[in-house]
Amino acid sequence: QVQLVESGGGSVQSGESLRLSCAVSEFTNTYSRYLMAWFRQTPGKQREGVAGIDSDGVTKYVGSLEGRFTVSEDAAKTTLYLQMNSLKPEDTAIYYCAARRYPLFPEEGLWENTFTYWGKGTQVTVSS
């Protein structure tokens, strides 16, 4: 059974950094082609893509987050990371880890409805 468990959220001041982790089990050892990604959601808004990395090592960032955020995975491909630097109050959200069984298509964005597996989320709060 695929499980995704996020950790590393917390409360920080504007300008500080956080690194989120997502422990992935029964997924990358089963499926050789995949995409794992981070999404975030604020109250009253739809969940939005943040960044992803696929089985070919291709990364995808949404909007202007690249440069402040970096997505990566460990060598064993059992942990997904999101390094977040220079955090801003507008980054406050619940951050979710997600996975699906096929990699990014060329020019494809990160769309919630294309992902099959989800974690329960971790809260990130950035105060000014």
Handout entry: Lys60 bridged to Asp54 by N-O distance under 4.0 Å
Key = no
Handout entry: Pairwise side-chain contact, Val124 with Met84, heavy-atom cut-off 4.5 Å (strictly under)
Key = yes
Problem - Distance flag, aromatic centroids of Phe39 and Phe115, threshold under 6.0 Å - result: yes
Exercise for the section: Please round to the nearest 0.5 Å and tell me the distance separating atom CD of Glu73 and atom OG of Ser21. Expected result: 13.0 Å
Problem - Thr114 and Arg100: side chain donor to acceptor below 3.5 Å - result: yes
Handout entry: Residue pair Cys97 / Met36, side-chain heavy-atom distance below 4.5 Å
Key = no
Practice task
May I ask you to test the Tyr81-Leu20 pair for a side-chain heavy-atom distance under 4.5 Å?
Solution key: no
Exercise for the section: For Arg101, look at atom CZ and say whether over 12 heavy atoms of other residues, nucleotides or ligands are found less than 6.0 Å away. Expected result: no
Handout entry: Charged tip of Arg47 within 45° of Trp111 ring normal and under 6.0 Å
Key = no
Handout entry: Atom CD of Glu90 with >12 non-hydrogen neighbours under 6.0 angstrom
Key = yes
Exercise for the section: Let me see the working for Tyr117 and Phe27 under ring-ring contact (aromatic ring centres under 6.0 Å, His included), right down to the final yes or no. Expected result: CA-CA 9 Å; Tyr117 306 103; Phe27 184 69; 5.7 Å; yes
Handout entry: Interatomic distance, Ser72 atom OG to Leu82 atom CG [nearest 0.5 angstrom]
Key = 8.5 Å
Problem - ILVMFWY network linking Trp118 to Ile53, side-chain heavy atoms under 4.5 angstrom - result: no
Exercise for the section: Give a yes or no on whether a salt bridge exists between Arg40 and Glu48, defined as a side-chain N under 4.0 angstrom from a carboxylate O. Expected result: yes
